[in-house]
Amino acid sequence: MTSSNGNTGETTSLLLNPDRTGSFEIDANLVQKNVTTTLSITSLGDKVCPDIQVSPIEFIATGPIAIVTDTCEGEEVSLSLSDIFDPSFTRANGIYDVNYTITAPSNSETTHTASTINFTAGSATFTIPTEQITETGEYTFDFEVDNGFPMECDISDTAIITAIPEAIQLDILVNNSCNATEIDVNINALHCPMENIL
């Protein structure tokens, strides 16, 4: 195989099927992400074909990244996408629509579109509106960039939406004191049942 990081060579097991087709796996550590890699098959082994003439093929292993930020209920959810490519396999620049699916903690799913998101060098940031977040807990977000480079891998991340605690009424009493090195402060708060803490 050849890519921008140089040449590599490998011998791997070939699985032959009764219909005269076969398959094999490539070590993922030999493939550089986000560059074109050329695969050349030079032999199928001494028992099959020690010297084979097969046209090289090109493929790309992409590594798109989504990062969704944890936040509190009632707030917009911030996120970033990076390593996004256009159909010509250039890092995306310009305006794209982003389709996304939100899976709530209850496993309910909703689909949405963020329109006219500006990408620069394959990266973009935007926010998910508060009205699309209806529960608290762990959410899963799955993204697809319209007219981006076609691929089968998922662009996904999770985020925790934290509930805002109820307001607590505190009564504070500071005792008058002539001793500046020690001042007593008493705080009187509502009782919190132990089962709410566990």
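In this chain, residues are counted from 1 in sequence order. These numbers come from a predicted model, not from an experiment.
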Non-hydrogen side-chain atoms of I102 and H112 separated by less than 4.5 Å: yes

I67 side, atom CD1; L79 side, atom CG - distance, nearest 0.5 Å: 10.0 Å

Parallel, tilted or perpendicular: ring planes of F149 versus F89, cut at 30 and 60 degrees: perpendicular

T120 vs N93, side chain to side chain contact (heavy atoms under 4.5 Å, CB included): CA-CA, chis, key distance, verdict: CA-CA 5 Å; T120 302; N93 287 288; 4.2 Å; yes

Parallel, tilted or perpendicular: rings of Y100 and F126 (30°, 60°): tilted

Atom pair CD1 (I95) and CD1 (I117), whose distance is rounded to the nearest 0.5 Å: 8.0 Å

Test side chain to side chain contact (heavy atoms under 4.5 Å, CB included) applied to V77 and T127, D70, T130, I133, the passing residue: I133

I155 side chain near F141 side chain, heavy-atom distance below 4.5 Å: no

Nearest-0.5 Å distance, CG of residue N147 to OH of residue Y96: 7.5 Å

Partner set under salt bridge (Lys or Arg N to Asp or Glu O under 4.0 Å) for D83, not counting sequence neighbours: R91

CA sep, side-chain torsions, deciding dist, call: E135, S106, side chain to side chain donor-acceptor pair (under 3.5 Å): CA-CA 8 Å; E135 305 174 24; S106 62; 2.5 Å; yes

By side chain to side chain contact (heavy atoms under 4.5 Å, CB included) - contacts of T113 (at least two apart): D97, N99, S115

Distance (rounded to the nearest 0.5 Å) between E73 CD and T136 OG1: 6.0 Å

Worked verdict on D154 versus S156 for side chain to side chain donor-acceptor pair (under 3.5 Å): CA-CA 6 Å; D154 296 330; S156 181; over 6 Å; no

Set of residues satisfying side chain to side chain contact (heavy atoms under 4.5 Å, CB included) with respect to E109, sequence neighbours excluded: T101, T103

F143 side chain reached by L81 side chain, heavy atoms, under 4.5 Å: yes

F119/I84 under side chain to side chain contact (heavy atoms under 4.5 Å, CB included): CA gap, chis, key distance, verdict: CA-CA 9 Å; F119 280 80; I84 304 299; 3.8 Å; yes

T134 side, atom OG1; I161 side, atom CD1 - distance, nearest 0.5 Å: 10.5 Å

Distance (rounded to the nearest 0.5 Å) between T69 OG1 and I160 CD1: 12.5 Å

Intermediate values then yes/no, side chain to side chain contact (heavy atoms under 4.5 Å, CB included), T162 and I164: CA-CA 6 Å; T162 303; I164 299 176; over 6 Å; no

Student check: side-chain heavy atoms of D146 and V98 closer than 4.5 Å: no

